[in-house]
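These notes concern the structure reproduced below.
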Amino acid sequence: MSAESTEPGTPGKPATTGTTGPRHRAARPKRGKAVLVTVWTAAGILVLGGTSAGYLYFKLNGNIKSVDINQSLGTDRPLDVDNGSQDILVLGSDTRSGSNKKLGGGVDDGSARSDTAMVVHVYEGHKRASVVSIPRDTLVERPECTDPDGKTHPAATAAMFNSAYTTGGAACAVKTVESMTGIRMDHYIEVDFAGFEKLINVLGGVDITTTKDIKDPDSHLDLKAGEHTLGGKQALGLVRTRHGVGDGSDLGRIQLQQAFIKALLEQVKEVGLFSSPKKLYDLADTATDAVTTDSDLDSVKDLASFANGLKGISSKNMTMITMPVQYDPADPNRVLVDEKKSTQVWAALKADRTIPKSATKGTATGTAEGVVASS
């Protein structure tokens with residue numbers, strides 16, 4: 001096998017926008033049928049509360065991009081366990097081209113990265129979920145992959161996790177995760193930079209509270225401790241910053257991402273989208289245009305049916321952890337899978353059980369816990 005390693009991507013440099021600082025939040029009517037969006041890092045589980053007939057349906061249908069994961073990977077995959085649960089790989093795409101070039105910074109070299117990766121496990125009954133974030137800097141054994149152009153790339157040891165997506169696209173990312181976990185991914189959902197920013201803006205921003213100042217020149221993010229309403233660019237800066245707070249590690253960034261996702265989920269529950277048909281359509285149009293899915297979710301009907309089964313999951317019923325890792329003694333900018341503890345995590349999810357607390361005890365962690373919370 002060949003050794004492979006990819007340098008970390010340049011942190012994004014979105015311009016600061018949105019309203020920050022103390023503000024009084026108007027009461028929002030709660031709607032049982034509100035559109036639910038888990039983006040990125042929440043990068044992309046959608047609940048489309050409804051769509052108009054006729055051309056609106058076909059417009060939204062035409063927005064959705066898809067990848068045929070089943071055809072690409074064939075039958076050499078983990079057993080599809082039929083216990084009522086679902087496992088979804090959610091990626092945040094870091095393509096340095098088009099509108100993402102402006103948001104992501106760096107050189108438009110035609111490549112793409114997956115700076116954010118989460119395995120979302122939805123338990124039987126679809127009332128609760130566990131989310132396991134996979135650090136992009138994790139050194140893993142990447143299996144042999146065939147890219148979208150048909151070129152086969154040999155397996156590699158000590159490959160950075162996010163190099164799987166760069167090497168072979170969505171199918172290689174799924175294959176790598178399945179190889180690591182022994183769990184078959186039922187679905188794949190990807191959201192890119194530009195789509196993430198637009199979704200936050202259509203929602204009217206996200207309210208958060210920071211317990212410490214966050215300042216990162218690389219992402220143009222400068223937040224004082226206190227309450228803020230983040231627009232799309234600032235939200236993108238927050239979920240991508242790693243130098244603005246804590247120890248500057250990717251693990252700290254994951255802690256910020258997870259906190260932001262929970263704040264986003266809580267806020268979307270309170271937005272009265274059905275009182276504004278235009279806002280509902282704008283969100284549906286933006287959301288469907290922002291995502292790439294597996295071929296089983298490549299229509300509004302399929303995506304809405306899938307997502308409708310997730311709307312009973314609130315942030316209170318969502319457990320979020322980072323895959324158990326330890327810092328690499330040879331390189332502090334890389335982490336290694338804690339095989340013993342990771343096995344506990346994947347075994348629990350495969351059996352549709354709660355992840356034991358012992359699985360994350362004593363593992364490497366960032367220092368940004370509690371810095372961001374819902375307002």
Side-chain angles (χ1 to χ4, degrees), residues 38-45 77-78 81 83 85-92 114-124 126-142 160-162 164-165 170 173-191 239 249-262 264-265 310 313-327 335-366 368-369:
T38 305
V39 181
W40 205 256
T41 272
I45 301 171
R77 304 179 67 185
V81 179
N83 59 8
S85 66
Q86 285 188 319
D87 294 282
I88 306 106
L89 176 60
V90 179
L91 290 187
S114 55
D115 269 4
T116 301
M118 300 177 177
V119 173
V120 180
H121 178 82
V122 180
Y123 290 92
E124 181 183 16
H126 293 201
K127 298 298 182 183
R128 61 190 185 100
S130 285
V131 178
V132 183
S133 295
I134 302 176
R136 70 171 197 178
D137 297 338
T138 309
L139 298 181
V140 303
E141 292 189 11
R142 179 184 55 73
M160 235 169 74
F161 171 76
N162 72 342
Y165 183 85
V174 172
K175 187 173 184 178
T176 301
V177 169
E178 291 186 343
S179 176
M180 292 168 55
T181 65
I183 300 172
R184 185 185 180 105
M185 295 296 108
D186 297 295
H187 292 297
Y188 170 83
I189 299 177
E190 175 187 329
V191 173
V239 299
S249 71
D250 189 41
L251 301 181
R253 173 168 56 184
I254 286 174
Q255 291 173 320
L256 295 177
Q257 290 173 351
Q258 292 177 344
F260 182 84
I261 290 170
K262 288 195 172 186
L264 176 60
L265 279 174
L310 307 180
I313 302 173
S314 69
S315 64
K316 295 179 181 179
N317 296 323
M318 182 179 290
T319 300
M320 307 189 80
I321 69 164
T322 299
M323 182 181 71
V325 294
Q326 301 292 349
Y327 287 109
V335 293
L336 305 174
V337 178
D338 188 319
E339 297 290 353
K340 183 177 180 180
K341 292 184 179 293
S342 289
T343 297
Q344 293 182 53
V345 172
W346 307 130
L349 298 189
K350 194 170 185 178
D352 204 34
R353 299 195 310 264
T354 301
I355 298 172
K357 292 183 178 180
S358 61
T360 55
K361 188 175 181 180
T363 57
T365 182
E369 183 74 30

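Residue pairs meeting the salt bridge (charged side-chain N to carboxylate O under 4.0 Å, His left out) criterion with at least one partner in residues 344-356, sequence neighbours excluded, are absent.
Nearest heavy atom pair, residue A348 against residue I355, reads CB-CA, 4.1 Å. Taking each heavy atom of P324 and A359 in turn, the nearest pair found is CG-O, 3.3 Å. Nearest heavy-atom pair across P135 and V335 is CB-CG2, 4.1 Å. Among all heavy-atom pairs drawn from Q326 and G362, the shortest one is NE2-O, 3.2 Å. Across V325 and V337, no two heavy atoms sit closer than the pair CG1-CA, 4.2 Å. Across every non-hydrogen atom of A368 and G252, the tightest pair is CB-O, 3.5 Å.
Between T354 and R128, some side-chain heavy-atom pair lies under the 4.5 Å cut-off. The closest side-chain heavy-atom distance from T365 to Q255 is below 4.5 Å. Side-chain atoms of M318 and I313, non-hydrogen and from C-beta on, do get closer than 4.5 Å to each other. Between M160 and L139 the shortest side-chain heavy-atom distance falls below 4.5 Å. Side-chain contact between Y165 and T176: absent, with no pair of heavy atoms (C-beta onward) separated by less than 4.5 Å. Side-chain atoms of T322 and T360, non-hydrogen and from C-beta on, never get closer than 4.5 Å to each other. Taking 4.5 Å as the limit, some side-chain heavy atom of H126 sits within range of a side-chain heavy atom of L310. Considering only heavy atoms from C-beta on, M323 comes within 4.5 Å of W346 through its side chain.
Considering CG of L264 and CD of Q257, their distance stands at 13.0 Å, rounded to 0.5 Å. The distance from the CG atom of N162 to the CD1 atom of I134 is 11.5 Å, given to the nearest 0.5 Å. Atoms CG and CD1, on L256 and I261 in that order, are 11.0 Å from each other to the nearest 0.5 Å. With values rounded to the nearest 0.5 angstrom, L91 atom CG is found 10.5 Å from M118 atom CE. One finds the CD1 atom of I254 at 10.0 Å from the CE atom of M320 (value rounded to the nearest 0.5 Å).
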Problem - Test side chain to side chain contact (heavy atoms under 4.5 Å, CB included) applied to L349 and V132, step by step - result: CA-CA 10 Å; L349 298 189; V132 183; 4.0 Å; yes
Using distance only, find each side-chain donor-acceptor pair of residues 178-185 under 3.5 Å and give its atom names and separation, not counting sequence neighbours.
residue: E178; atom: OE1; partner: R77; partner atom: NE; Å: 3.1
residue: E178; atom: OE2; partner: R77; partner atom: NE; Å: 3.4
residue: E178; atom: OE2; partner: R77; partner atom: NH2; Å: 2.6
residue: E178; atom: OE2; partner: M185; partner atom: N; Å: 2.9
residue: T181; atom: OG1; partner: V177; partner atom: O; Å: 2.8
residue: T181; atom: OG1; partner: I183; partner atom: N; Å: 3.0

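The closest donor-acceptor contact from the side chain of D186 to the backbone of I88 lies at 3.5 Å or more, if one exists at all.
With sequence neighbours excluded, the residues satisfying salt bridge (charged side-chain N to carboxylate O under 4.0 Å, His left out) with D250 are R253.
Side-chain N/O atoms of S130 and Y123 include a donor and acceptor closer than 3.5 Å. Counted by atom type alone, Q258 and S133 present one or more donor-acceptor pairs between their side chains at under 3.5 Å.
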